[in-house]
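Structure first, commentary second.
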Amino acid sequence: MNLALWLDRHARADPSRTAVFVGASPWKSYARLAADAASLARGLRDKLGLAPGDRVALVMANSPEYAEILLGIWWAGLAAVPVNGKLHPREVAFILENSGANAVFATPDWVRGLAEATTQLDRPPDVIEAGSVGYHALFGEPMAVVPVADGALAWLFYTSGTTGRPKGAMLSHANLRAMAQGYLTDVDRVSGRDCLLHAAPMSHGSGLYLVPYLLAGAAQVIPESGGFDPAEVFALSAAHRGVGMFAAPTIVRRMVEHAAARGPSLEGLRTVVYGGGPMYVADLLRALDVMGPRFAQIYGQGESPMTITALAKDFVNDRAHPRHLERIASVGVPQSGVEVAVRDDSGRDLPPGEVGEVCVRGAVVMSGYWGNPEASAKSLRDGWLWTGDLGAFDEEGFLTLKDRSKDLIISGGSNIYPREVEEALLAHPGVAEVSVVGRPDAEWGEAVVAFVVAREPRPSTSELDAHCLASIARFKRPKEYRFVTELPKNNYGKVLKTELRAKLL
Ligand code: AMP
């Protein structure tokens, strides 16, 4: 079943209801959005000559067209490749090439960068600036929603791989349907009068949550800033009422600081769903003190989008419960549509209290990585997704994550794979050896630290910084460099990152 049918149905049943707002102003009704998605779909099929299954990338900041393009792509039976707009053009070029995207929609901030990045590609895709004259020229005679099979690709979700190469998790219409139904059952009830505020990137969690809000017939609200600004979030909550949003722990912290200092009205803010990285207990308690009972947690990953466990509001808010602190330190209980197990390396189920790898099975789990059967076979074994996260269940069924797949750094809610940063630094002639680890950081969750064995003449940190900026995204570059004479290694010559991390504590 095509997810775009939900748009079509709401447009028929309640045509005048606003589907998308920009700030506090209505942008398009359900009827208008459906008609325009249908016209865009026609253009994609007939003018760009795309066929079902073809991939269309979105390299865009949050904008109202994001919703229209995503839905137009699905309406046409095509697959979307949302790309993180904070990546380096070279990283974006890799994703475009890897996904074989035939067309790319870009916001103005990306149009020029994309033109440069795509000239390197064997088959440069068409680049269309969202909202431009050329964009509107693409619209054709509205077409009916193209029927697709449940397993048809809807969203290629690029996560970074431990090898530093991003991998595209293949998410089908059925995967996203399971995610949406699970969200409304386990995480948060949403009515047609509510809305989703996109303060986090729509290429990731926030964009995925467009789907349950669409299912509920609710509205999408795109902040005028196109990103996260705490004052704007509170102002829009007051303007709209019934506001839900997805926020990484870093964003929650900034909202709490703002609320504590300014005391804005919180009335319209219904739910903040946090996840994507660890939330410290002290931070959540303060968030509850300052902002009240508005929080729910999810644990998921691109391969099982937003859906492994959830800690619903009732658990978060039950401060009188004798195990409240343990519960909010956990990621909650399995969501209703999935089985979750904790296993040892041999695949044996571990009892409560024992730490192993978190495995998940259910309708939400991806079918594999795009064009990467080896990585798929490693992650998907016997019908289960091996998440790479380590955790343990307690006797009451709450899962606590002990560590992520060991070396991954999560800073400000974004995944940073050390290997990628290491490779970038090693390309500098002054760097002989390097190892990158995460240091706990009150603001960002973790901060990137590089241990560098330098060659003479020793490069300055600003030189290394500039070097990183030339090849990887800004947010991935180290916040600190430590020059050492050698790296600690085991007798196989492998760097002992645990020792490096211990040095930072
Ligand atoms: P991504 O695929 O980019 O969504 O990253 C997923 C990873 O983020 C997971 O495998 C976990 O390591 C981590 N993660 C997601 N949600 C949580 C959470 N609620 N608490 C702690 N870590 C999380």
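Numbering of ligands and ligand atoms starts at 1, following listing order. Only this structure's heavy atoms are used, side chains among them; waters, hydrogens and symmetry mates stay out. For clarity, every value in this text was computed on a predicted model and none was experimentally measured.
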On a heavy-atom basis, I'd like to know which of Gly300, Pro305, Ser414 is closest to atom 7 (C) of ligand 1.
Gly300
Which ligand 1 atoms are under 4.0 Å away from a heavy-atom of Ile410?
8 (O), 13 (C)
Under 3.5 Å side-chain donor-acceptor pair for Asp186 and Ser336
yes
Judged by non-hydrogen atoms, does Ile308 sit under 4.0 Å from ligand 1?
no
Evaluate the side-chain contact (heavy atoms from CB on, under 4.5 Å) criterion for residues Asn102 and Val56: first the C-alpha distance (whole Å), next the side-chain angles of each, then the deciding distance (0.1 Å), finally the verdict.
CA-CA 6 Å; Asn102 301 78; Val56 180; 5.9 Å; no
Checking the N or O distance criterion of under 3.5 Å, is ligand 1 in contact with His204?
no
Any donor-acceptor pair under 3.5 Å linking the side-chain atoms of Glu232 with those of Ser225?
yes
After noting the C-alpha distance and the side-chain angles of Ile328 and Leu285, does the key distance pass the side-chain contact (heavy atoms from CB on, under 4.5 Å) rule?
CA-CA 9 Å; Ile328 61 170; Leu285 290 175; 3.7 Å; yes
Could you list the atoms of ligand 1 found under 4.0 angstrom from a heavy atom of Thr159?
2 (O)
Under 4.0 Å from a heavy atom of Tyr299: which atoms of ligand 1 are those, numbered in the order shown and with their elements?
11 (C), 15 (C), 16 (N), 17 (C), 19 (N)
With only distance considered, is Gln301 within less than 3.5 Å of ligand 1 through an N or O on each side?
yes
State the atoms of ligand 1, each with its element, that fall below the 4.0 Å cut-off from a heavy-atom position in Gln297.
18 (C), 19 (N), 20 (N)
Exam field: side chain Glu357 to backbone Asp344, donor-acceptor pair closer than 3.5 Å:
no
Side-chain donor/acceptor of Ser411 to backbone N/O of Glu446, under 3.5 Å:
yes
Closest candidate by heavy atom, reference atom 17 (C) of ligand 1, pool Gly276, Gly332, Gly391:
Gly276
Counting only N and O atoms by type, is there a donor-acceptor contact under 3.5 Å from the side chain of His173 to the main-chain atoms of Ala154?
no
Counting from 1, what ligand 1 atoms have a heavy atom of Gly275 closer than 4.0 Å?
19 (N)
Could you tell me, atom by atom, which parts of ligand 1 come under 4.0 Å of a heavy atom of Ile298?
16 (N), 18 (C), 19 (N)
Is there a donor-acceptor pair under 3.5 Å between the side chain of Trp370 and the backbone N or O of Leu156?
no
Under 4.0 Å to a heavy atom of Gly302 - the qualifying atoms of ligand 1, by number
1 (P), 2 (O), 4 (O)
Could you tell me, atom by atom, which parts of ligand 1 come under 4.0 Å of a heavy atom of Val331?
18 (C), 19 (N), 20 (N)
Show every salt bridge (charged side-chain N to carboxylate O under 4.0 Å, His left out) that has at least one partner inside residues 276-304, sequence neighbours left out.
Arg253-Asp283, Asp289-Arg319
